Q: 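Can you keep this structure in mind? I'll have questions shortly.
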Amino acid sequence: MLDLLDKLNGHNIRPLTPADTPLFEQFNALFPQLSEQVRPLTADEITTLLQRPDTWVYVAFAPDGRLVGTITLCLAASPTGIKGWAEDLVVDTSVRGAGFGKALILRSAREAFRHGADSVNFTSRPSRTAANNLYVSLGFEQRETNVYRCKRYDTLKLR
């Protein structure tokens with residue numbers, strides 16, 4: 001039924017699977033549009049990601065069959081509930097504004113709640129005005145919180 005809803009909305013969205021190796025190059029080609037610092041993943045890295053029990057990667061296809069968008073859904077269970085995190089939403093510049101981003105967000109949110117999430121969260125840089133406006137227009141509320149990042153344990157100050 002979920003796939004039917006995506007098709008009725010004019011978008012072909014489905015999970016990326018390890019059997020989709022012919023699509024991995026198109027998948028990797030989207031990420032420089034999100035960040036110049038993202039390196040392409042190897043086929044083995046993509047396969048490992050897709051085999052995680054708490055992670056789903058959804059991809060969107062244009063009518064001509066090109067892979068034009070993706071979003072990754074991760075679930076994290078904690079004492080305060082199950083949280084869905086939608087990450088790495090990227091839609092090819094050639095089809096932005098055609099509803100693919102909205103369709104990917106709605107698909108990931110449906111799946112998060114179907115898998116027991118209490119909430120679905122996104123992060124987005126303030127400079128991504130269109131993305132932030134889209135989240136709000138869909139009913140997401142901006143949280144008052146800070147996000148901190150550490151990329152390597154050895155950079156932490158242990159004293």
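The model shown is predicted, which means the values in this text are computed figures rather than measured ones. Computed from heavy atoms alone, side chains included, the values below leave out hydrogens, waters and symmetry copies. Position 1 is the first residue of the sequence; numbering continues from there.
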Q: Determine yes or no for a side-chain-to-main-chain donor-acceptor pair under 3.5 angstrom, with Asn28 supplying the side chain and Leu41 the backbone.
A: yes

Q: Checking Thr42 against Asp44: is there a side-chain donor and acceptor pair closer than 3.5 Å?
A: no

Q: So does Glu25 have more than 12 non-hydrogen atoms from other groups sitting under 6.0 Å from CD?
A: no

Q: For Glu87 and Cys74, indicate whether the former's side chain and the latter's backbone hold a donor-acceptor pair under 3.5 Å.
A: no

Q: Does either side chain, that of Asn121 or that of Arg143, offer a donor lying less than 3.5 Å from an acceptor on the other one?
A: yes

Q: To check you understand the geometry: which heavy-atom pair defines the closest contact between Gln33 and Arg96, and what is its length?
A: OE1-NH2, 3.6 Å

Q: Is any side-chain heavy atom of Leu134 closer than 4.5 Å to a side-chain heavy atom of Phe140?
A: no

Q: For Cys150 and Thr155, work out which heavy atoms get closest and say how close.
A: SG-OG1, 3.7 Å

Q: Strictly distance-based, threshold 3.5 Å: is any side-chain N or O of Ser108 a donor or acceptor partner for the main-chain N or O of Ile105?
A: yes

Q: Is a side-chain N or O of Asn132 found less than 3.5 angstrom from the main chain of Arg125, in a donor-acceptor match?
A: yes

Q: Less than 4.5 Å apart, side chain to side chain, heavy atoms only: is that true for Glu45 and Thr48?
A: no

Q: Looking at every non-hydrogen atom in both residues, tell me the closest pair between Ala112 and Val120 and how far apart they are.
A: CB-CG2, 3.5 Å

Q: Report the distance from atom CD of Gln37 to atom CZ of Phe31, rounding to the nearest 0.5 Å.
A: 14.5 Å

Q: Testing the 3.5 Å rule here: is there a donor-acceptor pair between the side chains of Tyr135 and Asn133?
A: no

Q: Taking Arg14 for the side chain and Ala60 for the main chain, is one N or O donor matched with an acceptor at less than 3.5 Å?
A: no

Q: Are Val136 and Leu106 linked, directly or through intermediate hydrophobic residues, by side-chain heavy-atom contacts shorter than 4.5 Å (ILVMFWY only)?
A: no

Q: Do Phe122 and Ile71 come close enough that some side-chain heavy atom pair is under 4.5 Å?
A: yes

Q: Which other residues belong to the hydrophobic cluster containing Leu156, where Ile, Leu, Val, Met, Phe, Trp and Tyr are joined when side-chain heavy atoms lie under 4.5 Å apart, directly or via other members?
A: Tyr153, Leu158

Q: Report yes if some heavy atom in the side chain of Leu75 is under 4.5 Å from a heavy atom in the side chain of Lys83; otherwise report no.
A: no

Q: Pick out which of Val90, Leu89, Leu16, Thr55 makes a side chain to side chain contact (heavy atoms under 4.5 Å, CB included) with Thr72.
A: Thr55

Q: So, for Val68 and Phe61, which heavy atoms are closest and what is the spacing to 0.1 Å?
A: CG2-C, 4.0 Å

Q: For residues Arg107 and Pro15, determine if any side-chain heavy atom of one lies less than 4.5 Å from a side-chain heavy atom of the other.
A: yes

Q: Atom CD1 of Ile13 and atom CD of Glu111: how far apart are they, to the nearest 0.5 Å?
A: 11.0 Å

Q: Nearest 0.5 Å, please: how far is CG in Asp92 from OG1 in Thr70?
A: 12.0 Å

Q: With ILVMFWY side chains joined below 4.5 Å, transitively, what does Trp85's cluster contain besides itself?
A: none

Q: Between OG1 of Thr47 and CG of Leu50, what distance do you get to the nearest 0.5 Å?
A: 6.0 Å

